[in-house]
Structures are given as structure tokens and as C-alpha cells.
Amino acid sequence: MNALTKMILKIFSSPKIDMQESYKSVRKFQELMATPQKENYRILDHKIYSEDLTHEIPVRIFHPEEKISDELVLFFHGGGWVTGSIDTYTRDCIQLADELGRTILAVDYLKAPENPFPAGFDDCYRVTDVLINQPELSGITGATELILMGNSAGGNLAAAVSLRLRNEGKLLPKKQILINPVTFWNHDERSPFPSVEENGYDYGLTNKKMQEYMEMYEPEEAARQSPYISPIMTDDFSNQPETLIITSEFDPLRDEGEAYGHLLKDAGNKVRIFRAQDTVHNYIFGPLTTDIVTKSYHLMKGFLDNSLKGSDSLGKKEKNQAEELGSTR
């Protein structure tokens with residue numbers, strides 16, 4: 001990591017930043033920086049009604065330039081359950097569609113603190129349940145298999161949705177990709193994960209910010225220990241989709257994401273965990289395209305193209321891509 005990058009990260013890690021006071025400003029800044037949606041036959045806006053019919057859940061469909069599979073990737077964006085939208089992630093979703101060769105469907109779920117848990121989670125669950133178990137209600141056709149994918153808070157939502165589908169005896173997505181996922185309820189000195197202390201001050205996403213996001217998402221600390229907020233707190237890790245977990249070396253969430261993957265694997269699920277070296281939180285969806293970002297897309301595509309051959313083996317091509325990305329956990 002070069003000196004300029006470290007300096008910029010240090011600025012954004014200032015303890016003076018209070019997300020509970022500044023989240024609206026962050027939203028406005030993200031909107032200003034968002035890629036304008038141009039008229040494009042590959043992008044289509046759609047809506048799915050919430051289960052209680054109280055509101056519509058906006059979704060945006062991104063078709064790849066070259067489609068290689070009829071699988072549909074359902075994407076939940078990050079932002080601490082508070083910031084981000086399908087507008088601010090449009091550029092990333094276009095790239096995801098093109099890199100993976102699959103249609104991406106991004107969900108604009110309700111955000112905290114105006115709509116705390118379970119509002120955003122319920123939106124994500126509703127869209128997933130409709131697409132898998134009630135596709136006739138979606139008005140979306142042509143997808144044969146569903147893949148769940150999310151980054152950061154979106155990775156948390158994807159993991160929690162898979163657990164709830166299993167708990168309610170419903171069909172599950174074929175696979176899930178969790179990028180830098182939040183899996184635990186606490187990010188202060190009580191956290192059992194060393195990366196919270198090691199990486200919680202100087203790398204953009206701080207442990208202080210995570211605590212503030214958590215408090216906006218679910219104000220009650222005891223309630224944050226629900227497995228639908230903290231998937232690592234579930235008492236049953238069995239019967240989950242094939243899972244790829246990507247973590248970052250300098251991310252406070254690194255250890256909890258990897259721990260969740262190991263618990264899934266120990267319960268008999270097919271899981272691969274990769275730590276991207278010399279990267280920080282959300283590096284894949286950052287402003288720069290680097291060699292490690294390109295390799296990360298190749299890894300995800302390899303995971304989707306090839307089923308895991310048991311909990312510890314991959315196809316030769318995918319294994320080589322993984323070794324280029326960083327360490328296998």
C-alpha cells in the first residue's frame with residue numbers, strides 16, 4: 001500500500017467523523033458522485049411489492065454485454081444498511097454483469113435509521129423469496145438459477161436471507177458470494193476478533209463507524225445478537241448454499257467473515273474463503289480498477305462457472321485464479 005493511499009485512508013478514518021450525524025451528507029455526496037443512468041437497453045428498472053403490500057421495492061436489472069449463463073445474480077449493496085442505493089452502485093453492477101456474464105438484479109432496500117431492522121432485511125428476503133419460490137409474482141422471466149451476492153452490509157443481508165430461507169423450509173439460492181461480510185454484532189473492545197482492533201483505526205472503515213452503523217440499524221444491543229443481524233450467532237450452520245467468501249487483509253471485518261465461512265464448512269457446506277492481500281474494505285467496489293480487483297472478478301466468475309468438488313477442492317483454473325488473488329483460508 002503506497003504512502004498516498006495510506007494518507008487518504010487516514011483522513012477518512014478520523015475519529016471526529018460521526019456517521020449518526022453525517023450519514024445524510026454521505027448520501028448526498030454518493031448521489032453526486034453516482035454514474036448517471038443513460039438510456040441503455042441493458043438496464044431496466046422494475047419493482048416488487050413488499051409482502052404486506054405497504055410499499056414497492058425498487059430493483060434494477062443489468063444485462064451483460066455477453067451473456068454466458070441464464071443464472072440471475074441477486075445483488076445487495078453495502079453501506080452499513082444506511083447509505084448506498086441502486087443509483088450509487090449502477091457503475092459497479094454494470095461491471096459485475098459484464099465480468100460475470102450474467103444478469104444482475106440489484107435491490108434498493110429500505111435504509112436505516114429511518115427504517116431500522118428488519119425493514120431492509122425484509123425487503124431483501126421478500127425479493128429473494130419471490131424470485132425463487134414465487135417467480136410468477138416478480139414479472140421477471142428467463143432466470144433458471146439464483147445466486148445471492150452482497151458486499152459488506154449487503155453480504156450480511158445475503159447470509160441472513162439464506163439462513164431465513166432454510167429456517168422457513170423454502171428453496172435456497174444455488175450459491176452465494178459474500179464480500180467483506182458483516183457477521184457479528186459488536187465491533188468495540190469486546191469483539192473476539194483480532195482484526196477489529198488491528199484494522200479498526202486507519203483503513204477507512206473503522207470499528208467506531210461499524211458501531212455507529214449497527215446502532216442505526218438496530219438500536220437495541222440485545223436484538224443485534226439475532227442471527228438475522230449477526231449470522232455467526234445462529235445455532236445451525238447446515239444446509240446453506242455453496243459459498244465463496246472474500247475478505248480483505250486490512251479490514252476490521254476480516255476475521256468475522258472468515259470465521260463465518262469456517263463454521264459453514266464445519267457444518268458440511270461447500271465453502272471457499274479467500275483473503276485478498278494488501279487490500280482494504282470494499283476494495284472491489286472502490287474508485288480504482290487495479291490488478292487485484294480484476295483477479296477478484298475472475299475468482300468470482302470461476303466460482304460461478306465451476307461447482308465446488310467438495311469443501312476443499314476447486315477446478316484447476318479457479319484454483320490458479322485464487323492463488324493469484326491471495327491466500328486461501
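We use all heavy atoms of the structure for the numbers below, so side chains are in, but hydrogens, waters and symmetry mates are not.
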Pairing residues for [X] by the ring-ring contact (aromatic ring centres under 6.0 Å, His included) criterion, not counting sequence neighbours:
X: Phe193; answer: Phe184
X: Tyr228; answer: Phe121
X: His281; answer: none

Which heavy atom of Ala34 sits nearest to which heavy atom of Thr88, and what is that distance?
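Heavy atoms only, the tightest pair is CB-CA, 3.9 Å.
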
Between the side chains of [X] and [Y], is a donor N or O closer than 3.5 angstrom to an acceptor N or O?
X: Glu242; Y: Gln176; value: no
X: Ser238; Y: Asp236; value: yes
X: His298; Y: Glu99; value: no

Could you work out, with salt bridge (charged side-chain N to carboxylate O under 4.0 Å, His left out) as the rule, every residue matching Glu114, not counting sequence neighbours?
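With neighbours one apart ignored, the set is Arg27.
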
With sequence neighbours excluded, residues passing salt bridge (charged side-chain N to carboxylate O under 4.0 Å, His left out) with Glu212:
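Listed in chain order: Lys208.
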
Hphob cluster co-occupancy, Met19 + Leu110, side-chain heavy atoms under 4.5 angstrom
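Different clusters: Met19 never reaches Leu110 through Ile, Leu, Val, Met, Phe, Trp or Tyr contacts under 4.5 Å.
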
With Tyr49, which residues qualify under side-chain contact (heavy atoms from CB on, under 4.5 Å), at least two apart?
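By the side-chain contact (heavy atoms from CB on, under 4.5 Å) rule, Tyr49 matches Leu53, Glu56.
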
Just jot down the side-chain contact (heavy atoms from CB on, under 4.5 Å) partners of Glu221, sequence neighbours excluded, or say none.
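Scan of Glu221 (side-chain contact (heavy atoms from CB on, under 4.5 Å), adjacent residues dropped) gives Trp185, Arg190, Arg224.
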
Quick one: hydrophobic cluster around Ile86, which other residues, with the 4.5 Å side-chain cut-off, linked directly or via members?
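Taking Ile, Leu, Val, Met, Phe, Trp and Tyr as members, Ile86 stands alone, with no cluster partners.
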
Cluster partners of Phe29, using ILVMFWY side-chain heavy atoms under 4.5 angstrom, listed by chain and number?
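Via sub-4.5 Å side-chain contacts, Phe29 links to Met33.
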
Under the side chain to side chain donor-acceptor pair (under 3.5 Å) test, residues paired with Asp92 that sit two or more places apart:
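Testing Asp92 for side chain to side chain donor-acceptor pair (under 3.5 Å), a comparison that skips the adjacent residues, returns none.
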
Sequence neighbours excluded, which residues qualify as side chain to side chain donor-acceptor pair (under 3.5 Å) partners of Gln211?
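Gln211 satisfies side chain to side chain donor-acceptor pair (under 3.5 Å) with no residue once adjacent residues are dropped.
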
Pairs involving residues 148-158, ordered by first then second residue, that meet salt bridge (Lys or Arg N to Asp or Glu O under 4.0 Å) (sequence neighbours left out)
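Residue pairs passing salt bridge (Lys or Arg N to Asp or Glu O under 4.0 Å), neighbours aside: none found.
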
